Engineer: 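Have a look at this one.
Keep in mind the model is a prediction, meaning the values are calculated, not measured. Numbers here simply count residues along the sequence, with the first being 1.
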Amino acid sequence: MTRRLLFLTLLPALALGSAGCRHCCKRSSAPTYIEAPARDRDILIPPPTGGLPSQRTLPADPGLPPPAISSEPSGSRYRPSRETLYPDALLESPAIPPKGSGEPPPVLPLGEGVSSKSLSPAGYADRTNSPTGLPGYAVVSDRIATGRKPTVEGFDRLRATGYKTVVYLHDSDKDVSATKELAEKKGLTFIGIPTTPGTLKAAFSKFAETVGDRANRPAYVFDDDGIRTGSLWYLYFRTVESFSDDTAQVKAAPLGLRDAQGEEKTKFWLAVQDYLSKR
């Protein structure tokens, strides 16, 4: 009797609980949407069929250069190659009017106001374009030029264009009295410097003193074949101007160093290297 009353009492409670569970389950199974205001909605565009869209490649700006590609090997101890020095472009000599034309001779490029370190010795006229009577004419620095031995007309040109001093680098056995007399007759100061491989040290000392004295300028330094001018100018660039070996050779090349040939050139070059090793 007691059990039957207890069962009848719990039966309504079980019925209500069953109804409430079904209501919760039905409520949770349906999705709930919270609508955002229209201005905050994001429009989502589904990706195309086949996966995500591929990455777009932007066109290159035609106004910009392409990126530099490094040639340095990855993971290696890369060292750039040594810079190769080349002479600058040649400067042509002024045109010289023919003799007897009545036109005044042109002013040769003395290089006034230009320092020796800012003017390349490649500013010269080679033998095919040299002023008449001045073979191998080349401007070196501030109002100093060099070349081969002038002819009679060459001495006239030097005087007419304002040169003051001529410096002759010659063999110690050579008689230079005729050249000295001709130069002085034309109104030029003549300075002779005996130059041999055995007397290189004394010759270079006199040479550096002469070209360094501005009282001698404008000055024209010459020899017979380019061996002495090329060797002494190379030595001058190495010691007085403190240029490297490569730079000094490039600067001295058009001043006679590249023209010199034969056994005598080899002797001078050995004497020059010996002089430099003992400084």
Side-chain angles (χ1 to χ4, degrees), residues 90-91 93-94 96 99 105-111 121 123-141 143-197 199-200 202-204 206-211 216-236 251-265 267-269 271-272:
L90 305 183
L91 301 180
S93 297
I96 298 179
K99 189 174 182 180
V107 176
L108 298 181
L110 303 181
Y124 77 110
D126 60 24
R127 291 182 176 180
T128 60
N129 293 321
S130 297
T132 303
L134 297 171
Y137 179 87
V139 174
V140 181
S141 62
R143 301 198 297 164
I144 298 179
T146 194
R148 307 293 80 77
K149 184 179 179 180
T151 64
V152 175
E153 187 176 1
F155 279 110
D156 288 333
R157 296 289 182 184
L158 290 173
R159 181 58 182 168
T161 51
Y163 279 85
K164 180 179 180 181
T165 307
V166 291
V167 182
Y168 188 13
L169 308 179
H170 60 85
D171 194 321
S172 57
D173 296 332
K174 188 177 184 66
D175 183 6
V176 298
S177 58
T179 305
K180 180 177 183 296
E181 181 181 355
L182 177 60
E184 292 177 345
K185 182 180 179 180
K186 301 298 182 180
L188 299 166
T189 301
F190 177 87
I191 300 176
I193 303 178
T195 309
T196 65
T199 63
L200 183 67
F204 177 69
K206 178 66 175 177
F207 170 82
E209 178 185 355
T210 302
V211 299
N216 294 326
R217 301 181 185 182
Y220 179 74
V221 182
F222 64 94
D223 68 353
D224 294 314
D225 52 16
I227 294 178
R228 290 165 176 80
T229 55
S231 298
L232 265 62
W233 279 121
Y234 167 81
L235 201 55
Y236 184 86
K251 292 176 72 66
L255 308 183
L257 191 64
R258 69 179 176 191
D259 298 328
Q261 301 294 334
E263 183 180 353
E264 189 176 20
K265 175 186 177 180
K267 292 180 179 179
F268 264 97
W269 189 249
V272 166

Engineer: Between the main-chain N or O of T165 and the side-chain N or O of N216, is there a donor-acceptor pair closer than 3.5 Å?
Structural biologist: no
Engineer: Can you see which heavy atom on L232 is nearest to which on A203, and at what distance?
Structural biologist: CD2-O, 4.3 Å
Engineer: Between S177 (side chain) and D175 (backbone), is there a donor-acceptor pair under 3.5 Å?
Structural biologist: no
Engineer: I'd like to know if the side chain of T196 and the backbone of T199 have a donor-acceptor N/O pair within less than 3.5 Å.
Structural biologist: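 Answer holds: yes.
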Engineer: Using every non-hydrogen atom in the two residues, find where A138 and P254 come nearest and quote the distance to one decimal.
Structural biologist: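 For A138 versus P254, the nearest heavy atoms are CB-O, 4.1 Å.
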Engineer: Ignoring hydrogens and angles, tell me if any N or O in the side chain of T146 forms a donor-acceptor pair with the backbone of V221 under 3.5 Å.
Structural biologist: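 Looks like yes, one N/O pair under 3.5 Å.
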Engineer: Any chance you could lay out the salt bridge (Lys or Arg N to Asp or Glu O under 4.0 Å) test for R157 and E153, step after step, and finish with the verdict?
Structural biologist: CA-CA 6 Å; R157 296 289 182 184; E153 187 176 1; 3.4 Å; yes
Engineer: Mind checking the OG-CG spacing from S231 to L200? Nearest 0.5 Å is all I need.
Structural biologist: 7.5 Å
Engineer: Quick one: do W269 and L257 satisfy side chain to side chain contact (heavy atoms under 4.5 Å, CB included)? Show the steps, please.
Structural biologist: CA-CA 10 Å; W269 189 249; L257 191 64; 4.1 Å; yes
Engineer: Within the 4.5 Å heavy-atom criterion, are T132 and Y137 side-chain neighbours or not?
Structural biologist: no
Engineer: Given V211 and W233, is the side chain to side chain contact (heavy atoms under 4.5 Å, CB included) satisfied, shown in steps?
Structural biologist: CA-CA 10 Å; V211 299; W233 279 121; 4.2 Å; yes
Engineer: Please report the closest heavy-atom contact between R148 and L255, naming both atoms and the distance.
Structural biologist: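 Shortest heavy-atom contact: NH2-O, 3.5 Å.
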Engineer: Looking at T229 and G147, what are the two nearest heavy atoms and their distance?
Structural biologist: CG2-O, 4.1 Å
Engineer: Just how far is it from atom CD1 of I191 to atom NZ of K180, taken to the nearest 0.5 Å?
Structural biologist: 10.5 Å
Engineer: About how many Å separate CZ of F204 and CD1 of I193, when rounded to the nearest 0.5 Å?
Structural biologist: 10.5 Å
Engineer: Just verifying a value: how many Å separate T189 OG1 and Y163 OH, rounded to the nearest 0.5 Å?
Structural biologist: 14.5 Å
Engineer: To the nearest 0.5 Å, what is the distance between OG1 (T151) and CG (L182)?
Structural biologist: 9.0 Å
Engineer: Among residues two or more places apart or on two chains, list those pairs meeting salt bridge (charged side-chain N to carboxylate O under 4.0 Å, His left out) that have a residue in residues 163-172.
Structural biologist: D171-R228
Engineer: Roughly how far, to the nearest 0.5 Å, is CG of L134 from OH of Y220?
Structural biologist: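 Rounded to the nearest 0.5 Å, the OH-CG separation comes to 5.0 Å.
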Engineer: Taking the side chain as C-beta and beyond, is there a heavy-atom pair between L188 and F190 under 4.5 Å?
Structural biologist: no
Engineer: Step by step, would you call K186 with V152 a side chain to side chain contact (heavy atoms under 4.5 Å, CB included)?
Structural biologist: CA-CA 9 Å; K186 301 298 182 180; V152 175; 4.1 Å; yes
Engineer: To check you understand the geometry: which heavy-atom pair defines the closest contact between G162 and P218, and what is its length?
Structural biologist: O-CG, 3.4 Å
Engineer: Take atom CD of E184 as the centre, draw a 6.0 Å sphere, and report whether it contains more than 12 heavy atoms from other residues, nucleotides or ligands.
Structural biologist: yes
Engineer: Begin with the C-alpha distance, continue with both residues' side-chain angles, and end with the deciding distance and a verdict on side chain to side chain contact (heavy atoms under 4.5 Å, CB included) for F222 and T179.
Structural biologist: CA-CA 12 Å; F222 64 94; T179 305; 4.2 Å; yes
Engineer: Any salt bridge linking E263 with K267? Criterion: basic side-chain nitrogen under 4.0 Å from a carboxylate oxygen.
Structural biologist: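 K267 and E263: salt-bridged.
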Engineer: Could you check whether K149 pairs with D223 (Lys NZ or Arg NE/NH1/NH2 to Asp/Glu carboxylate O, under 4.0 Å)?
Structural biologist: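 The answer is no: the pair does not qualify as a salt bridge.
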